Amino acid sequence: MMTAVVYVLAAIAEIAGCFSFWAWLRLERSPLWLAPGMASLAAFAWLLTRVDSDAAGRAYAAYGAVYICASLGWLWAVEGTRPDRWDVVGATVCLAGAAIILLGPRSLAA
């Protein structure tokens with residue numbers, strides 16, 4: 001349960017941080033947008049270290065699905081574009097993949 005909370009918080013931090021750069025470069029916002037964006041990206045990186053995993057790569061791989069779903073939520077909530085059925089199907093496939101990565105049985109000998 002805690003892993004899911006950390007992943008959601010990390011996704012929000014990453015998307016907000018990346019959006020600050022998007023706003024600056026693509027929406028011609030003030031460079032002042034970058035300061036909170038960089039702080040948000042630092043929080044994202046720190047949050048991913050809180051995930052209970054024996055390997056960073058596995059934690060990052062599973063996080064990818066949460067990021068995709070959160071990005072579609074951002075698309076809808078912030079950018080005002082509702083995800084279509086293909087977005088939802090793709091996100092569902094990604095979540096299934098993340099579940100396999102996180103919950104799959106692991107042998108003790110690698």
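The analysis underlying the following values was restricted to heavy atoms, covering all of them including side chains, and did not include hydrogens, waters or symmetry mates. Quick caveat: nothing in here was measured; it's all calculated off a predicted structure. Sequential numbering from 1 along the given sequence is applied to the chain's residues.
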Over 12 foreign heavy atoms within 6.0 Å of CG, Asp84: yes
Joint hydrophobic cluster, Leu72 plus Ile15, side-chain heavy atoms closer than 4.5 Å: no
message: Around atom CH2 of Trp74, are there more than 12 heavy atoms from other residues, nucleotides or ligands closer than 6.0 Å?
response: yes
statement: All heavy atoms of Val6 vs all of Val51, minimum pair found to be CG1-CG2, 3.8 Å
- request: Measure from the side-chain N and O atoms of Ser40 to the backbone N and O of Ala13, and report whether any donor-acceptor pair falls under 3.5 Å.
  value: yes
task: State which residues pass side-chain contact (heavy atoms from CB on, under 4.5 Å) with Arg58; sequence neighbours excluded, sorted by chain then number.
output: Ser53, Asp54, Ala55, Ile101, Arg106
message: Is the shortest side-chain heavy-atom distance between Phe19 and Leu27 below 4.5 Å?
response: yes
message: Give me the atom names and distance for the closest heavy-atom approach of Cys94 to Ile68.
response: SG-CD1, 3.4 Å
task: Would you mind reporting whether Leu48 and Tyr7 have side-chain heavy atoms less than 4.5 Å apart?
output: yes
field: Spatial distance of atom CG (Leu34) from atom CG (Leu25) [nearest 0.5 Å]
entry: 7.5 Å
- request: Answer yes or no: is there a donor N or O on one side and an acceptor on the other, between the side chain of Tyr67 and the main chain of Ala10, under 3.5 Å?
  value: no
task: Provide the full list of side-chain hydrogen bond (donor to acceptor under 3.5 Å, both in side chains) pairs with a residue in residues 23-34, sequence neighbours left out, each pair given once.
output: none
- prompt: In the single-linkage hydrophobic clustering (I, L, V, M, F, W, Y; side-chain heavy atoms under 4.5 Å), do Phe44 and Tyr60 co-cluster?
  reply: yes
- request: Give a yes or no on whether Val66 and Trp46 share a hydrophobic cluster (residues Ile, Leu, Val, Met, Phe, Trp, Tyr; joining criterion: side-chain heavy atoms under 4.5 Å apart).
  value: yes
task: Taking all non-hydrogen atoms of both residues into account, name the closest pair between Ser20 and Gly17 and its distance.
output: OG-O, 2.6 Å
statement: d(Leu95 CG, Ile100 CD1) to nearest 0.5 Å is 11.0 Å
field: Qualifying residue for side-chain contact (heavy atoms from CB on, under 4.5 Å) with Leu47, from Val5, Leu9, Val8
entry: Leu9
Test item: Asp87 and Trp76 side chains (from C-beta on) under 4.5 Å apart, heavy atoms: no
